[in-house]
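Below is one structure; the comments refer to it alone.
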Amino acid sequence: MTQTSELREAALSVRGNAHAPYSGFKVGAAIRAASGRVYRGCNVENVAYPEGTCAEAGAIAAMVAEGETRLAEVYVVAGSPAPVPPCGGCRQKLAEFGAGDVAVTLATVDGAERATTIAALLPGAFDAGHMA
Ligand code: THU
């Protein structure tokens, strides 16, 4: 099993735990951190809609909670007809913890995949250097 297919399995399995009663749109994210460990997250919606959180945010929070801050690879899967693009906020969250060349795979449950990178998802990203 490749590292990417390991991430796919992790993202698919955590997607099953998504709490998405309002949108009906379940998303799973798996990230491999610099250590090699895999962290998972799913979207968690709320009856107060803006309080919902995305799958990517959950996976990043799980990574940081374990003391890791560097992303090596990202995989996101949803039950959409085409690979789902991360929202703007999640693009910024990914850029916080991953270099521009970090591989991001966007996928459907059916197996379609789109390969991209953090930099391609967020060109011209605001980063700490802009505050120097
Ligand atoms: N969602 C994610 O979790 N990640 C994405 O990349 C796109 C959207 C979630 C948020 C919300 O719970 C549902 O999908 C519909 O927007």
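It should be emphasised that the depicted structure is a prediction, and the values quoted were computed from it without experimental measurement. Note that ligands are numbered from 1 as they come in the structure, with each ligand's atoms numbered from 1 the same way.
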* Where is the nearest protein heavy atom to atom 10 (C) of ligand 1: which residue, which atom, and how far? -> C54 SG, 3.9 Å
* To do: Taking only heavy atoms of E45 into account, list the atoms of ligand 1 that are under 4.0 Å away from them.
  => 11 (C), 12 (O), 13 (C)
* Would you mind running through ligand 1 and noting each atom that sits below 4.0 Å from a heavy atom of S23? => 13 (C), 15 (C)
* Asked: At a 4.0 Å threshold, what atoms of ligand 1 neighbour a non-hydrogen atom of E56?
  -> 2 (C), 3 (O), 4 (N), 5 (C), 6 (O)
* Asked: Is there a side-chain contact between M63 and L71, using heavy atoms and a 4.5 Å cut-off?
  -> yes
* Quick one: does R32's side chain have a donor or acceptor within less than 3.5 Å of a partner on L7's backbone? -> no
* Asked: Where is the nearest protein heavy atom to atom 14 (O) of ligand 1: which residue, which atom, and how far?
  -> F25 CD2, 3.4 Å
* **R15 side-chain N/O to K26 backbone N/O, donor-acceptor pair under 3.5 Å** => yes
* Which one of A18, G41, P85, C90 has a non-hydrogen atom at the shortest distance from atom 7 (C) of ligand 1? -> P85
* Measure the shortest side-chain to side-chain distance between F126 and M131 over non-hydrogen atoms and say whether it is less than 4.5 angstrom. => yes
* Asked: Are Y75 and V104 close enough that some pair of their side-chain heavy atoms sits under 4.5 Å apart?
  -> no
* To do: Return yes if some donor-acceptor pair links the side-chain N/O of T108 with the main-chain N/O of A112 below 3.5 Å, else return no.
  => yes
* Verdict with supporting geometry, V74 and L94, side chain to side chain contact (heavy atoms under 4.5 Å, CB included) -> CA-CA 9 Å; V74 178; L94 292 170; 4.1 Å; yes
* Asked: By number and element, which atoms of ligand 1 are closer than 4.0 Å to a non-hydrogen atom of V27?
  -> 1 (N), 2 (C), 3 (O), 4 (N), 9 (C), 14 (O)
* Structure fact -> Here the atoms of ligand 1 under 4.0 Å from any heavy atom belonging to A55 are 2 (C), 3 (O)
* Asked: atom 9 (C) of ligand 1: which protein heavy atom is closest, and how many Å away?
  -> N43 ND2, 3.6 Å
* To do: Mark whether atom 1 (N) of ligand 1 lies under 4.0 angstrom from at least one protein heavy atom.
  => yes
